[in-house]
Engineer: 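Please find one structure pasted underneath; my questions will follow.
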Amino acid sequence: MSSVLYSLGRWAVRARRLVVALWVVVLVLVGGAAGLLQQGLDNQVSIPGTESQEALDRLASTFPQVSGASAQVIVVAPEGESIKDEPMRSAITDGVEAINDVSQVVAVTSPFDEQMPASTSDDERATLLTIQLDGDQGSITEETKDALGVEADALAQALPEGAEAQLGGQLFSSKFPEMTLTEGIGLLVALVVLVLTLGSLVAAGLPLINALLGVGASMGLLFAATALGPVNSTTPMLAVMLGLAVGIDYALFIVSRHREQLGTGLAVDESIARATATAGSAVVFAGLTVMIALVGLGVAGIPFLTIMGVAAAVTVGVTVLVSLTLLPALLGFAGERLRPKPSRRVRRAAAKEAKAAEAVAAADPEVTRTRVPAVASTEPKPNRFFTGWVRAVTKIPALTLVLVIAAMGALSFPALDLRLALPDAGVMEEDDPARVTYDLVSEHFGDGFNGPLIVTGSIVTSTDPVALMNEIGAEIEDLPGVADVPLATPNPSADTGIIQVVPEGGPTSAQTEDLVREIRAQHDHFLDEYGVDLSVTGFTAVGIDVSDKLGNALLPFALVVVGLSLILLTMVFRSIAVPIKATIGYLFSVGAAFGVVSLVFEHGVLAEALNVTRTGPVISFMPIVLMGILFGLAMDYEVFLVSRMREDYVHGGSARHAITTGFQGSAKVVTAAAVIMIAVFVAFVPHGDMNLKPIALGLAVGVAVDAFVVRMVFVPAVLALLGEKAWYMPKWLDRALPSFDVEGEGLARELSLTDWPEPGATDAVATGDLEVSGRSGRIVGPVSVRVPDGGTLLVHGDATAPVSAFLLAVAGRLDMTGGVAKTAGLVLPERASSVRHRVAVVDSAAEGGHPAEAVRRALRDKPAVLVVDATETVGDLAGRAELAQAVAGAQRAGIAVLLGSTGFAATDLVPSGAPVLDVTPGARDPRSTARDQQTDVTEQEVRA
């Protein structure tokens, strides 16, 4: 992959004007699509298949008067007066009539209506007018909501002095989140960190541009997608928060690698291409892990959550595309301005060297002709702070691990108290009208009136439906936790009955959850006693069912994420211990995030400072969303930090030394990236939407713990404790798993072999000490051979020689076990996929006795190299002659030909005088010109 990204980076630099223009066009198109197609966002949360949702769907057809959305108007008389006093009575009666005339309103209760009486407080000072609307919450128009607000205000104006009327209820229990200036503080902090990290305002601005453009394109796509189905109102804010964080971080990794390479004197275009290939590979891996985890939210089987995960995954995907295309183009425009300037120390040393050179030149001019001028290196020295950090945490690794585990355990312990629920109006700002209504209802009626339950069932077989509903209502009223049963009635057609149950606890209280479970536990009793199949529904019951299903989905999702973590990291690091350690660290981060969220939202620690409007349960989908996002971010830091350690270890360093050097090379960038992410997430906490607030806080804490405790303390300590064993991997597993070249090791090898076997070489095939293992386990090689473009090579061997293995290896279809090889100018095995597209392979034994025809078919695709495996005897003389003619045709077309034979000389199949390579173990074939073709390959080149 690094090779592909290298080519992409070079193209983006060369075509930078085109790349920028294309992204501008994309922004215009998605912005136009969003404006034309968007249908608005949805605040409704439901889960098909739950008892409450199915019951609500049935009520929509059998009892529509109670199935739709509802609102409430609470009217409170002045102290010492009653709602029955004039002019309170007249104002309430007129207000009910006016509200009843509003579009989409089905019915309004009144304290003076005997058939639909509104609830009245025990002291008769307050009444609760319930407004039933036609349609669910998502179908109620803004015009209807505004009209209800106007009529509620008119009622309040008509009331005597000291009285009040407030509008609220289910319809107004949530509102669309909005961006504020507070969220912009995160971007300012990010800019400061970027300037300090990169040392250049121009370099610091590029990640911000990268993130903002990615978020802009994603938001256009998201709002255009509302034409296809409902999108929850929290989704855009979540996507913005995540898009800004990863957009800045991904760009930071690429820009910092680019500046680091520029500091070593690399040319601008080459540095951009290499940064895109190396850091870009890690960005692709990190982005894929985040996207997979987000799409994995669909494991819960909850539509709105699946849409939320897909939308956030698309945002991350767009951000990755921007980072790999637009960012290299912008780096190309920046050019030399990003090259780090030498420090004062380096400049002084260079000046001193220049003076010394002038003195030498003055004394002996001949010396300057052979003297190599000194170059002022700008390569940074190891950071003393991070060097001291890694040495401290690895000095006594066992003690470090004990301290980390104890701290994580203490921080995670409060998570046991974490409760989940869908938020209601009680979590809004205290001056919000819906919150004022909520508090007044709780004050005058009790918390349960803010979230009444509806118990419903079919009564089509009943001969006295009114008496039946009264009897069931009386039984339910006697259940523990029931405050009141104000309504128990059949519908007008007497086939469905409903019972309104007011709990003693609030909509999100544990007491109400227990009551719902208790009523459901009585299902069989009511079925046997009355023949009624009862279900519990209503806004509160739907919220409880949503929370339960999300809670039940948490463990399967965690298993998927943890399993995915183990597999992906094993592919990347080729180790058993490293993935296990990384996964344990991820669980530490998740536990700490949950623990802090519980401390703030359940126990009220720092709640006032963080503007938490009410303590209690957090939004139901917080844990699963946080786990998905944090998984991807944790893998980011694991890859960027540990891959440097692995790189140093693979290149010959000791396991202990590689920890220090790898940490020094990546800790600064990881620290900057973590600080930026924390700043972006924290900015959404103080004045953020209460749905998003616990997610933002959890992510900020999770990132802080993961970056600074898990990855920069726990990880080095574990690696130091394990030593060489940390990088152990069974050979069978190494062969079975695909390789994911995150740090661009393959690209580095390709670049080192650019001028091999010699500068300007155009060989069709070149090998240096190539070794290949055949099916029988026999090894071919070491073989060093060169076949020029359009040339021919006959590869021969006896029955013990795996000739086919050699042919398949140079054709990119079989892995080498040693040495170096290039086919069509591409290095193997790094470019094996591209080689397979340029090399045609014909197996004479598998072509039905017509290998010549197979060769002619292969030549139609004009391959760079033709490989003919004739290890089995080719037919009769006529067939051999026909095959020889086909091979000659390939040569005339300028196509290089490699033909293999086993056990017999196939010189009649190749042009006269064609070189023969005998790969028989220990063979010294006098006809073989392999030695004539051989290119001396130094030991250094082979290692490269």
Engineer: Determine the minimum heavy-atom distance between V618 and M622, stating which atoms define it.
Structural biologist: CG2-CE, 3.8 Å
Engineer: Which atoms form the tightest heavy-atom contact between V682 and A700, and what is the distance?
Structural biologist: CG2-CB, 3.6 Å
Engineer: Tell me which pairs pass ring-ring contact (aromatic ring centres under 6.0 Å, His included) where either residue lies in residues 436-481, with sequence neighbours left out.
Structural biologist: F445-F449
Engineer: Show the numbers, then the answer: is there a side-chain contact (heavy atoms from CB on, under 4.5 Å) between L626 and F594?
Structural biologist: CA-CA 9 Å; L626 189 145; F594 287 173; 3.8 Å; yes
Engineer: Which residue pairs satisfy the side-chain hydrogen bond (donor to acceptor under 3.5 Å, both in side chains) criterion with at least one member in residues 457-474, sequence neighbours excluded?
Structural biologist: none
Engineer: Identify, with sequence neighbours excluded, every residue that meets side chain to side chain donor-acceptor pair (under 3.5 Å) alongside Q170.
Structural biologist: S70
Engineer: Does the side chain of S620 come under 3.5 Å of the side chain of S547 through a donor N or O and an acceptor N or O?
Structural biologist: yes
Engineer: Under 3.5 Å, is there a donor-acceptor pair between the side chain of D85 and the main chain of S82?
Structural biologist: yes
Engineer: Return each pair, listed once, that meets salt bridge (Lys or Arg N to Asp or Glu O under 4.0 Å) where at least one residue sits in residues 476-494; pairs must be two or more places apart or across chains.
Structural biologist: none
Engineer: Which atom pair, heavy atoms only, marks the closest approach of L630 to G702?
Structural biologist: CD1-C, 3.7 Å
Engineer: Let me confirm one number: the CZ-CG distance from F526 to D533, rounded to the nearest 0.5 Å.
Structural biologist: 12.0 Å
Engineer: Report the C-alpha distance between T489 and Q500 in whole Å, list the side-chain angles of each, state the deciding distance to 0.1 Å, and finish with yes or no for side-chain contact (heavy atoms from CB on, under 4.5 Å).
Structural biologist: CA-CA 9 Å; T489 182; Q500 188 181 57; over 6 Å; no
Engineer: With respect to S535, which candidate in R58, Q53, H523 satisfies the side-chain hydrogen bond (donor to acceptor under 3.5 Å, both in side chains) definition?
Structural biologist: R58
Engineer: Out of curiosity, L294 CG to L242 CG, how far, rounded to the nearest 0.5 Å?
Structural biologist: 6.0 Å
Engineer: Strictly by salt bridge (Lys or Arg N to Asp or Glu O under 4.0 Å), give each pair with a member in residues 546-559 just once, sequence neighbours left out.
Structural biologist: R517-D548
Engineer: Can you give me the closest heavy-atom contact between N100 and V106, atom names plus distance?
Structural biologist: OD1-O, 4.0 Å
Engineer: Which heavy atom of P486 sits nearest a heavy atom of V502, and at what distance?
Structural biologist: CD-CG2, 3.8 Å
Engineer: To the nearest 0.5 Å, how far apart are CZ in F601 and CG in L610?
Structural biologist: 7.0 Å
Engineer: Is a side-chain donor or acceptor of S509 paired with a backbone partner of G506 at a separation under 3.5 angstrom?
Structural biologist: yes
Engineer: Is any side-chain heavy atom of P111 less than 4.5 Å from a side-chain heavy atom of L129?
Structural biologist: yes
Engineer: Which residues pass the salt bridge (Lys or Arg N to Asp or Glu O under 4.0 Å) test with E54, not counting sequence neighbours?
Structural biologist: none
Engineer: May I ask you to test the V501-I454 pair for a side-chain heavy-atom distance under 4.5 Å?
Structural biologist: no
Engineer: Tell me whether D545 contacts the main-chain N or O of T50 through its side chain, where contact means a donor paired with an acceptor under 3.5 Å.
Structural biologist: no
Engineer: Mind checking what makes ring pair (Phe, Tyr, Trp, His ring centres under 6.0 Å) contact with F631, not counting sequence neighbours?
Structural biologist: Y586
Engineer: Check whether any side-chain heavy atom of L699 lies under 4.5 Å from a side-chain heavy atom of M241, and answer yes or no.
Structural biologist: yes
Engineer: Is the number of heavy atoms from other residues, nucleotides or ligands under 6.0 Å of F413 CZ greater than 12?
Structural biologist: no
Engineer: Return each pair, listed once, that meets side-chain hydrogen bond (donor to acceptor under 3.5 Å, both in side chains) where at least one residue sits in residues 295-307; pairs must be two or more places apart or across chains.
Structural biologist: none
Engineer: Is there side-chain contact between I499 and T456, with at least one heavy-atom pair below 4.5 Å?
Structural biologist: no
Engineer: Checking the side chain of Q166 only, and the main-chain atoms of L440 only, is there a donor and an acceptor separated by less than 3.5 Å?
Structural biologist: no
Engineer: Under 4.5 Å between any side-chain heavy atoms of L128 and T109, yes or no?
Structural biologist: no
Engineer: With sequence neighbours left out, what residues match E443 under side chain to side chain donor-acceptor pair (under 3.5 Å)?
Structural biologist: none
Engineer: Salt bridge check, R520 against E51: does any charged N sit closer than 4.0 Å to a carboxylate O?
Structural biologist: yes
Engineer: How far apart are the C-alpha atoms of H603 and T615, what are their side-chain angles, what is the distance that settles it, and do they pass the side-chain contact (heavy atoms from CB on, under 4.5 Å) test?
Structural biologist: CA-CA 7 Å; H603 300 284; T615 58; over 6 Å; no
Engineer: Scan residues 596-624 for pairs that pass salt bridge (Lys or Arg N to Asp or Glu O under 4.0 Å), counting only residues two or more places apart or in two chains.
Structural biologist: D424-R614
Engineer: List in chain and number order the residues that pass salt bridge (Lys or Arg N to Asp or Glu O under 4.0 Å) with R89, two or more places apart in sequence or in another chain; answer none if no residue qualifies.
Structural biologist: none
Engineer: How long is the span from the OG1 atom in T512 to the CD atom in E504, to the nearest 0.5 Å?
Structural biologist: 9.0 Å
Engineer: Is there a side-chain contact between T141 and Q104, using heavy atoms and a 4.5 Å cut-off?
Structural biologist: yes
Engineer: Is a donor on one side and an acceptor on the other found under 3.5 Å between the side chain of N491 and the backbone of T62?
Structural biologist: yes
Engineer: Once salt bridge (Lys or Arg N to Asp or Glu O under 4.0 Å) is applied, what residue pairs with a partner in residues 69-81 remain, sequence neighbours excluded?
Structural biologist: E79-R125
Engineer: Q72 vs T130, test: side-chain hydrogen bond (donor to acceptor under 3.5 Å, both in side chains). Steps then yes/no.
Structural biologist: CA-CA 5 Å; Q72 295 174 326; T130 301; 5.0 Å; no
Engineer: Report yes if the side chains of V705 and L411 come closer than 4.5 Å at any heavy-atom pair, otherwise no.
Structural biologist: yes
Engineer: Report, as yes or no, whether the 6.0 Å neighbourhood of atom CG on D101 holds more than 12 heavy atoms from other residues, nucleotides or ligands.
Structural biologist: yes
Engineer: For the residue pair S442 and D447, confirm or rule out a side-chain donor-acceptor distance under 3.5 Å.
Structural biologist: yes
Engineer: In Å and rounded to the nearest 0.5 Å, what is the CG to OG1 distance from D432 to T437?
Structural biologist: 8.5 Å
Engineer: Provide the closest heavy-atom pair for V436 versus E430 in the form atom of the first, atom of the second, distance.
Structural biologist: CG2-O, 3.6 Å
Engineer: Before giving the answer on salt bridge (charged side-chain N to carboxylate O under 4.0 Å, His left out), spell out for E429 and R435 the whole-Å C-alpha distance, their side-chain angles and the decisive distance to 0.1 Å.
Structural biologist: CA-CA 7 Å; E429 298 289 339; R435 173 66 183 273; over 6 Å; no
Engineer: I would like to know whether V105 and L148 meet side-chain contact (heavy atoms from CB on, under 4.5 Å); could you show each step before the answer?
Structural biologist: CA-CA 9 Å; V105 172; L148 290 175; 4.0 Å; yes
Engineer: Does the T540 side chain pair with the main chain of G451, one donor and one acceptor, at a distance under 3.5 Å?
Structural biologist: yes
Engineer: Atom CD1 in I624, atom CG in L555: separation rounded to 0.5 Å?
Structural biologist: 10.5 Å
Engineer: Are any of the side-chain heavy atoms of I99 and V96 separated by less than 4.5 Å?
Structural biologist: no
